[in-house]
Amino acid sequence: MGFGEVGKEPIDNVHFYSKNEPNKAFKLEKYQVSSLKPKRFHEYLLRVYYNKTDGSYQKIQQKAEKRFHEWCENNEFIDSEEEECVGELSQNNQSSVKIFNDPIHGQIELPHLLVKIIDTPQFQRLRYIKQLGGAYLVYPGATHTRFEHSLGMAYLAGRMIKVLQQQQKALEKIKRVLIDEKDVLCVQIAALCYNLGHGPFSHLYEKLHREALKREACSSSGDGQQQAQSEEFRSEMWKVASFWMFLDIVEKNDELKQKLNEKDLCFIKELIEGVDTADPQWPATGRSENKAFLYEIVINKWNGIDVHRWDYFARDCHHLGIPNSFDHQRLLESARVCKVNGRNHICFRDKVADNVYDMFRTQYTLYSQAYQHKIGNISQKKIIDALLEARDKLPKISPIAVSKLQDDIERKIQRITGVSSHTHEDDENSTKLNREMREFAKLTDHIFEEILYSSDVGLEGARKKLEDVVKRRLPKCVGETRLINRDNLDNKKALNQTLQNKWNKAVDEWNKLHPAVFLDKKDFSTEVIQLDCTHSTGKNPIDNVYFYRKWNLTEAFKIKKYEVSSLLPEEFTEYVGRVYYTNNSEEEEKDAKECFGWWRRDKCNILVYDQEEFRGNERLITGDCPSLDDCGIKEVQSCKVRRGFWKLFEGHNYNEAEFLLEPGKEYHTPTEWGSLSNASARSLKHVRK
């Protein structure tokens, strides 16, 4: 390693010129450069590795390091001048943690048992699964993976539980130990392994799973089958798969086997799947009700404030290039365990109440700008369709049934804890599932390229769909609108059907108003997305958050309305409707956008005439006209307002005198709409009431 050409100073072959003689080149003399130069400009770095990978390396490492330093001091070709002698190495100084340099949290330490999990094929696979699925097709920086997100979650979980420990120790009157070292380990393991079961493109694979189940349910018959499909549909396959893969790691690691008992494994499973800590009947078995707060660290089903969100908010904002106004450190450092209705929950200082709103505002921003980006959604739907079409040729793509995984999880726990001595091969179903999961463990985002570059005729349809994604041959978004009057429908599927019906009706009416234009309803699709600025749909985000005051650290309370900002929204959930045009005609796309704008303006239209008393040329206008010349008529002398409020202007581009026209009224002359000079109108536009 070094500077410049080997054996020479960096400026040996560099020439300079002076201000006085800019055309004369010269080399700098020694006195003209800094005297604080290194003795050498190049060095060779020697490394020695111990090649065995079994458990013996930990015992040999300290002896080898001591011998290495002795060898360096006595070796002529190694520069050991001015180095201090290395003393005896302590037998107890072997590091029990590993440090990772994370772009979000900086230098993070994880205990060696977690490192054992990280250094497995099951976990390393997460390096090849993008955190945000197909968002990289819109945001070039969104190529970060589930691997670093998992490390961040484990780190924050450790930080959170350590803070809770410290806060507890600070209260001298509490002598009982609420958090032991096994709790710390289990919480960090759950956070680390939470993402293990994700398939290609993360949550996109979940949508693939549901779509596959939906198609199977449509093709099957019988109530029992449909009910089974319904239960399967509601479950989160990747969480079950995460715990299965974690157990697979434990089965092959004796140290983890010895450290974790059956209760611990059950605890980790519940942490990954999430437990509602507000349930009146305590639902968990891994830990007692007294430790309810532990279930609010990794995934908080009660109020949504957890390390899972903290890490992905910070990490996704960083890689997407979206500013993040929320600082999780402020909430983390103020976290404390307090009694709420007789049960221990995580509470926060009263002064950070506004930060909770900041947190969920960040969530809203990420969903509206990135996670539900219209091009991203279209691209991901194309990828899902491609994967579904490729399933027959590539069976490994097909999601594994959750019921199979859950049955095998019980068998695995029994084998790990010694309750059962059966091996994988003792059960035919278990053996088959293990083969399927081994294939799943190889399934990453690379499946995209595998299909895209395949020459297999059977994958031609799937390949074309992926080519459409790569070449941006995608449906165009005609427009989007907030759905305010939802007819009390808060179900996205029902809302989307209502949106589709209303759009189809609007297209029919548009075609009647414009005989020269024809829009085919089959060329359009609709989508409804839900945007939450809260954890529970429609509810205030701090409804289930409790706080404590500086002078009373153990009494939890709900924050008062006057104690938080008054600049808060009245609602915390909104629905956005989108219409997509699936054809490739630019002319029709333009007409479709005009139709959408007209529909969003409540289908306003006005009949205008270039002579008084509704004589002369007639034109039906459905949108704004800054110049009537563009609408096929020179001026307006009379009109019939059929729908909506309109403004007429005596000049072009909405200039000069203006007049408001009301719906349902007829104006025979300019005088009737208020023109004192009986002047005709030259431009008009639709206005809101």
Closest approach of [X] and [Y], non-hydrogen atoms and distance?
| X | Y | result |
| --- | --- | --- |
| Asp532 | Gln363 | O-NE2, 3.2 Å |
| Ser368 | Thr365 | OG-O, 3.2 Å |
| Tyr155 | His105 | CE2-CB, 3.6 Å |
| Ile297 | Leu164 | CD1-CD1, 4.1 Å |
| Ala556 | Lys339 | CB-O, 3.7 Å |
| Leu126 | Thr145 | O-CB, 3.4 Å |

Test: Glu206 and Arg210 ion pair at under 4.0 Å: yes

Basic-acidic side-chain contact under 4.0 Å: Glu148, Arg315: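 A salt bridge is absent here (no side-chain N lies under 4.0 Å from a carboxylate O).
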
Within a strict 4.5 Å, meaning less than it, do heavy atoms of the Met359 and His535 side chains meet? no

I'd like to check the side chain to side chain contact (heavy atoms under 4.5 Å, CB included) partners of [X]; sequence neighbours left out, ordered by chain and number.
| X | result |
| --- | --- |
| Lys351 | Arg330, Arg349 |
| Thr481 | Leu483, Phe596, Arg600 |
| Arg127 | Gln124, Phe147 |
| Ala284 | Glu270, Val275, Trp282, Tyr295 |

With sequence neighbours left out, the residues meeting ring pair (Phe, Tyr, Trp, His ring centres under 6.0 Å) with Trp302 are His345, Tyr546

For Ile529 and Tyr367, what are the C-alpha separation, side-chain angles and deciding distance, and is it a side chain to side chain contact (heavy atoms under 4.5 Å, CB included)? CA-CA 9 Å; Ile529 63 169; Tyr367 271 87; over 6 Å; no

Ring centres under 6.0 Å, that's the criterion: do His198 and His203 meet it?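 Centroid separation for His198 and His203: below 6.0 Å.
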
Would you please indicate if the ring centroids of Tyr312 and His308 are separated by under 6.0 Å?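 Yes.
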
To the nearest 0.5 Å, tell me how far Leu531 CG sits from Tyr575 OH.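 Reported value, rounded in 0.5 Å steps: 10.0 Å.
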
Applying side chain to side chain contact (heavy atoms under 4.5 Å, CB included) to Leu132 and His144, what does each step give before you reach the verdict? CA-CA 8 Å; Leu132 298 183; His144 55 302; 3.7 Å; yes

Is there a donor-acceptor contact under 3.5 Å from the side chain of [X] to the main chain of [Y]?
| X | Y | answer |
| --- | --- | --- |
| Gln188 | Leu185 | no |
| Lys492 | Gln530 | no |
| Arg159 | Leu332 | no |

Apply side chain to side chain contact (heavy atoms under 4.5 Å, CB included) to Thr573 and Cys533, showing your working. CA-CA 6 Å; Thr573 297; Cys533 198; over 6 Å; no

Looking only at side chains, do Arg146 and Ser202 share a donor and an acceptor under 3.5 Å apart?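 Judged by distance alone, the side chains do pair up.
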
Side-chain donor-acceptor contacts of residues 238-245 below 3.5 Å, not counting sequence neighbours, with atom names and distances?
residue : atom : partner : partner atom : Å
Lys239  : NZ   : Glu236  : OE1          : 3.1
Lys239  : NZ   : Glu273  : O            : 3.4
Ser242  : OG   : Tyr194  : O            : 2.9
Ser242  : OG   : Leu196  : N            : 3.4
Ser242  : OG   : Gly197  : N            : 2.7
Ser242  : OG   : Trp238  : O            : 2.8
Trp244  : NE1  : Asp408  : OD2          : 2.8

